[in-house]
Amino acid sequence: MARRAGIIRISDFSGGEAATASLGSMNPKFSSLLQNCYVSDRGGVAKIPGYASVNTTAVAETLTSGFEFRKSDGISILLAAGGGKIYKVDGTSLTAIKTGLSASATVAFASMNNLCLMVNGTDPPMKYDGTTVSALGGSPPATASLVHVHKSRVWMIENGNQMLATHSALANPEDYTTAGNAGYFDFKTILRRGDRLMGMASFAEFLIFFFQDTIVAYSGSNPTASGDFRIDQIIEGVGFVWPGSGLTVGTDMLVLSKSGMKSFKQIIATGNMQVGSVSDPIAPTLRDKIAASPAGPFSLVHYAKLGMVLAVVGADVFVYSYTPKAWSRITGSDLKGFFATAGGAVYGVGTGRVFAFDSGWTFAGAEFTSRWETAWIPLSRDGRKGYPKRMEILNQPGAVTTVTMSARYDMNMTASENTQSFMMEPMPSLMDEPVTDIWENVFLMDHGVLEPVRLPLFAGGRVMQMAFSEQSSKGPVEFNDITLHVVVGGA
């Protein structure tokens, strides 16, 4: 059969990393691996932003949680905790505001009435007014492990009774005993089987209680015996994989469960919640990682600037880009947890440090490797061998950095037929040199034509996979289009 020349263009990478399709049937919009990359809102594959250390000198403890304590006068204090201590960020230093706590316990935070409420499940609940840490009054649960504020009441769950949720009196975070105002819910009389209360969240008008394998949604404003609180919905078979592993994003709520990431939407017509899955393409990988991390850490945060949700699962961070509905992951970082500020900034915590996310293109000064492996792409429509002769790569203008490309054929996972490096396209320059009269050079202001990178290719097969890797302190880096010039023919 005569050979023929053809062009294969791949311009849709919006599927993200996938693990649910066989190697030979994966749609080219998906990727076999997106490591330290993500799918941008443009549908391209981009290098993940890095993070920088906020404190110049590391503290001795591994930090596992953090919180922005914002007071009504506008003062904002960043807090981080771990290893038995709670720190506040003082410029480029961390200052301990509380020591002597259980070293293995994770501190949870909430705020009400200009008080930061802090619990860890072992030590008595605490309050912080921006100056002093002291015991929280009003006889709160002694082993409170999580704290949440909903409709002017503080709610706590505790290690001592894992089916109990205690609430404060109205608008008083230091009253848990006044009859007819403060009180508790004992879920052992509500659920039809035993479970463990893992978290609480406010969603629309609901207060939602998350167990390991059950979700209970309440509506109403008054939880006392004479109030209007009532159960709206009980959902079984789904729950939190870890205390506090839920996050509200706009009109949705995302929950990290043992079967992956679930979404909750309120159906306006019925008022009920609908449960869906957002992690189907990467579900096997995510479930395996969750199962392999029984001791955590787990943490979720929303980063609206890049349209992504970041989820710490053990040693990795899974990235969900919600505009294209695509997944990727961060590896090799020191991120043990996340928290966000009211202004949208995202911070991480790790070994002795607080990190500012999306600050630079390194992990606190350490260069990391971004790696993108495409799907296996058929080189012909009829199963014949194809012999790629040239590749054209179009990228968004960004950092001038070296990228290594390798090509593999016919499911050969161990050997690459082609390995070569190229430079990414730089940002266009508006002016080549200083000029006296800018209008004489106005044509330069439109000089921003993107030229594709052209690479020769060798060998061939029935299917082809490309892998791109980059390691530097530079960014941004984003791929948007790949064109293969292929000669088809042969057995």
Side-chain angles (χ1 to χ4, degrees), residues 16-21 64-65 104-106 108 121 145-146 148 157-159 161-165 187-188 190-203 206-217 233-249 252-265 272-302 308-322 325-331 335-338:
E17 184 175 333
T20 53
T64 55
S65 63
S104 60
T106 300
S145 56
L146 283 175
H148 179 69
I157 61 179
E158 58 187 286
N159 284 341
N161 185 339
Q162 297 179 353
M163 295 285 282
L164 196 71
F187 285 94
K188 73 175 183 289
I190 297 171
L191 302 188
R192 62 190 182 122
R193 62 178 181 178
D195 209 327
R196 179 188 174 188
L197 188 52
M198 302 285 280
M200 301 162 288
S202 299
F203 178 61
F206 299 110
L207 175 60
I208 307 178
F209 296 93
F210 290 92
F211 295 78
Q212 285 183 312
D213 203 44
T214 311
I215 296 172
V216 183
Q233 198 171 357
I234 296 179
I235 304 171
E236 296 182 329
V238 63
F240 275 7
V241 71
W242 191 258
S245 52
L247 179 70
T248 300
V249 181
D252 292 357
M253 184 166 188
L254 299 180
V255 170
L256 195 59
S257 72
K258 59 188 177 184
S259 59
M261 186 82 81
K262 304 297 182 183
S263 68
F264 291 81
K265 296 176 180 283
N272 287 337
M273 291 185 299
Q274 183 182 55
V275 183
S277 177
V278 298
S279 60
D280 285 345
I282 203 172
T285 303
L286 184 55
R287 285 197 302 262
D288 288 349
K289 191 66 178 179
I290 290 171
S293 308
F298 295 90
S299 177
L300 278 76
V301 75
H302 177 211
M308 61 175 56
V309 172
L310 303 163
V312 175
V313 182
D316 290 350
V317 179
F318 285 80
V319 181
Y320 177 57
S321 301
Y322 49 76
K325 297 180 172 60
W327 286 87
S328 59
R329 45 185 156 155
I330 300 172
T331 63
L335 295 166
K336 306 291 193 292
F338 284 114

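- Between L191 and R193 there is no side-chain heavy-atom pair separated by less than 4.5 Å.
- A heavy-atom distance below 4.5 Å is not found between the side chains of F206 and Q233.
- Using a 30° and 60° split on the angle between ring planes, Y322 and Y320 fall in the tilted class, from 30° to 60°.
- A distance of 6.0 Å or more separates the ring centres of F240 and F298.
- Few gaps surround NZ on K289; more than 12 heavy atoms of other groups in view lie less than 6.0 Å from it.
- Separation of atoms CD1 (I330) and CG (D316) is listed at 9.5 Å; rounding is to 0.5 Å.
- To the nearest 0.5 angstrom, S245 atom OG is 11.5 Å from L254 atom CG.
- The distance from atom CZ of F187 to atom CG of D195, rounded to the nearest 0.5 Å, is 10.5 Å.
- Proximity of M253 to F210: side-chain heavy atoms (C-beta onward) are separated by under 4.5 Å at one or more points.
- No side-chain heavy atom of I290 sits less than 4.5 Å from a side-chain heavy atom of W242.
- Two rings, from F264 and F203, have their centers 6.0 Å or more apart.
- Counting only heavy atoms from C-beta outward, the side chains of T214 and R192 never approach each other to under 4.5 Å.
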